[in-house]
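Report on one structure; see the data block that follows.
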Amino acid sequence: MTDQSARLPNPAGSPDPLPAGLAGDPREDPAWRLATAFVLSRRSAHTRRAYARDIRDFYTWCHRAGLDPLRLRRVHIDAYAHELAQPQPRTGRPAAESTIARKLSTLAGLYAYGVGEELLDRSPLTGVQRPRGGQDSVSTGLTRDEVAALLSAAAADGARAHALISLLVHNGLRIDEALSRDVEHLQTERGHQVLRLRRKGGRTATAPLAPPVLHALTIYLAGRTSGPLFSTRTGRRVDEPAAWRLIRRLAHRAGLPQADRINPHSLRHTFVTAALDAGVALRDVQDGAGHSDPRTTRKYDRSRHNLDRHPSYAVSTFYAAGQSTATTGRRDS
């Protein structure tokens, strides 16, 4: 590392503090300060939290291994990726390839930031092989009946829960897109009731609100004209952990078989697959979901058919027909 680390900001007030287990005062530690500068350079609060978690996990690993995060080589990154691929203490399972790829991507961004700011001479991520994601999305979303059950559970839970779930399943918003909105972002445009959004990467967008969503929001807001769109009883903005807990609790209450795996992205996935099943053009679904790359939308398009068309069903029918023939032949003899 160069001697320019003094240019880094003091991490006091970081949105998600990194581990204090580094040598010396964390407010003066160059690795801590580099991570904080990188995290704070991201626009999205959701991205900042995700990056901070990944870096915190990596710095904790470095601390346990007695390594300085700013004096690493590729072999150390390979060792970290190898450890992630082993059974993890919290789950007993190896980290998914997509998780490993995401963590390495975060670190690549961190060290590239350090090199770009002339705080590091080189990145230890150069040449590191990252797992390649599959062509299909990892889930297929909820069925129409499951959506109905989830909405019923949300309505029974309360007006806020019903409004949030309605917005997510009808508009496919990322959870941070929904929770970051204020009541003032509800507007009218050319006769449509709309919600002004800030998409991933800072892009702005406008989402029209279908009658069920507008009705649920109207009941929930009860005439309120300012403040966070989704707020707590004390008026504070609902945060993502609370939304995750709510969705998981409602999924259990609705009796969904995959309730332990339901999360906000499941509802976004449900929106995409439902739109495709409803005959919406792929390009329009891409725009509605805010996917910058059409390949992302096509992953959902493929995954929604893969289970229905899987050859195991045809093979099972083939086996059953053979067994039936064999049984009939034995009886005839």
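Both backbone and side-chain heavy atoms feed into the values below; hydrogens, waters and symmetry mates do not.
- Applying the ring-ring contact (aromatic ring centres under 6.0 Å, His included) test to Y220 and every residue at least two apart in sequence or in another chain returns F230.
- Note that the CD1 atom of I55 and the OG1 atom of T60 stand 11.5 Å from one another [nearest 0.5 Å].
- Between Y111 and F58, the ring planes lie perpendicular to each other; the angle is over 60°, past the 30° to 60° tilted range.
- Side-chain atoms of Q258 and I262, non-hydrogen and from C-beta on, do get closer than 4.5 Å to each other.
- A search for salt bridge (charged side-chain N to carboxylate O under 4.0 Å, His left out) contacts involving R144 returns nothing, not counting sequence neighbours.
- Residues E146 and P257 form a side-chain contact, since some pair of their non-hydrogen atoms from C-beta on lies under 4.5 Å apart.
- Looking only at side-chain heavy atoms (C-beta outward), E177 and R181 stay at 4.5 Å or farther from each other.
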Residues 164-172 side chain polar contacts: donor-acceptor under 3.5 Å, at least two apart:
from: S166; atom 1: OG; to: H162; atom 2: O; distance (Å): 2.6
from: H170; atom 1: ND1; to: S166; atom 2: O; distance (Å): 2.9
from: N171; atom 1: ND2; to: P208; atom 2: O; distance (Å): 2.9

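- Between Y59 and P69, the closest heavy-atom pair is CE1-CB, 3.5 Å.
- Residues Y80 and L107 are in side-chain contact: their nearest non-hydrogen atoms beyond the backbone lie under 4.5 Å apart.
- Every residue was checked against the side chain to side chain donor-acceptor pair (under 3.5 Å) condition with R248, not counting sequence neighbours, and none meets it.
- V194 and L209 are assigned to two separate hydrophobic clusters, defined by single-linkage of ILVMFWY side chains at heavy-atom distances under 4.5 Å.
- Using a 4.5 Å heavy-atom cutoff, the side chains of L221 and L186 are in contact.
- For T188, the side chain to side chain donor-acceptor pair (under 3.5 Å) test picks out Q193, with sequence neighbours left out.
- Contact of the L119 side chain with the L70 side chain is not registered, since no non-hydrogen atoms from C-beta on lie closer than 4.5 Å.
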Counting only pairs under 3.5 Å, give me each side-chain donor-acceptor contact of residues 148-159, with atom names and distances, residues two or more places apart or in other chains.
from: S152; atom 1: OG; to: A148; atom 2: O; distance (Å): 3.0
from: D157; atom 1: OD1; to: R249; atom 2: NH1; distance (Å): 2.6
from: D157; atom 1: OD1; to: R253; atom 2: NH1; distance (Å): 3.3

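- Shown here are the side chain to side chain contact (heavy atoms under 4.5 Å, CB included) partners of T234, two or more places apart in sequence or in another chain: T232, R236.
- Among residues two or more places apart in sequence or in another chain, the side chain to side chain contact (heavy atoms under 4.5 Å, CB included) test is passed with R237 by D182, P228.
- Sorted by first and then second residue, the salt bridge (charged side-chain N to carboxylate O under 4.0 Å, His left out) pairs involving residues 185-195 (not counting sequence neighbours) are E189-R196.
- Under the side chain to side chain donor-acceptor pair (under 3.5 Å) criterion, T106 pairs with D54, not counting sequence neighbours.
- Qualifying side chain to side chain donor-acceptor pair (under 3.5 Å) partners for W244, counting only residues two or more places apart in sequence or in other chains: none.
- The two residues L142 and T270 have their closest heavy-atom pair at N-OG1, 2.8 Å.
- In this structure, NE2 in H265 is found 6.5 Å from CZ in R268, a value given to the nearest 0.5 Å.
- Within the structure, the salt bridge (charged side-chain N to carboxylate O under 4.0 Å, His left out) test picks out no pair touching residues 220-235 (sequence neighbours left out).
- Smallest separation of non-hydrogen atoms from A161 and L250: CB-CD1, 4.2 Å.
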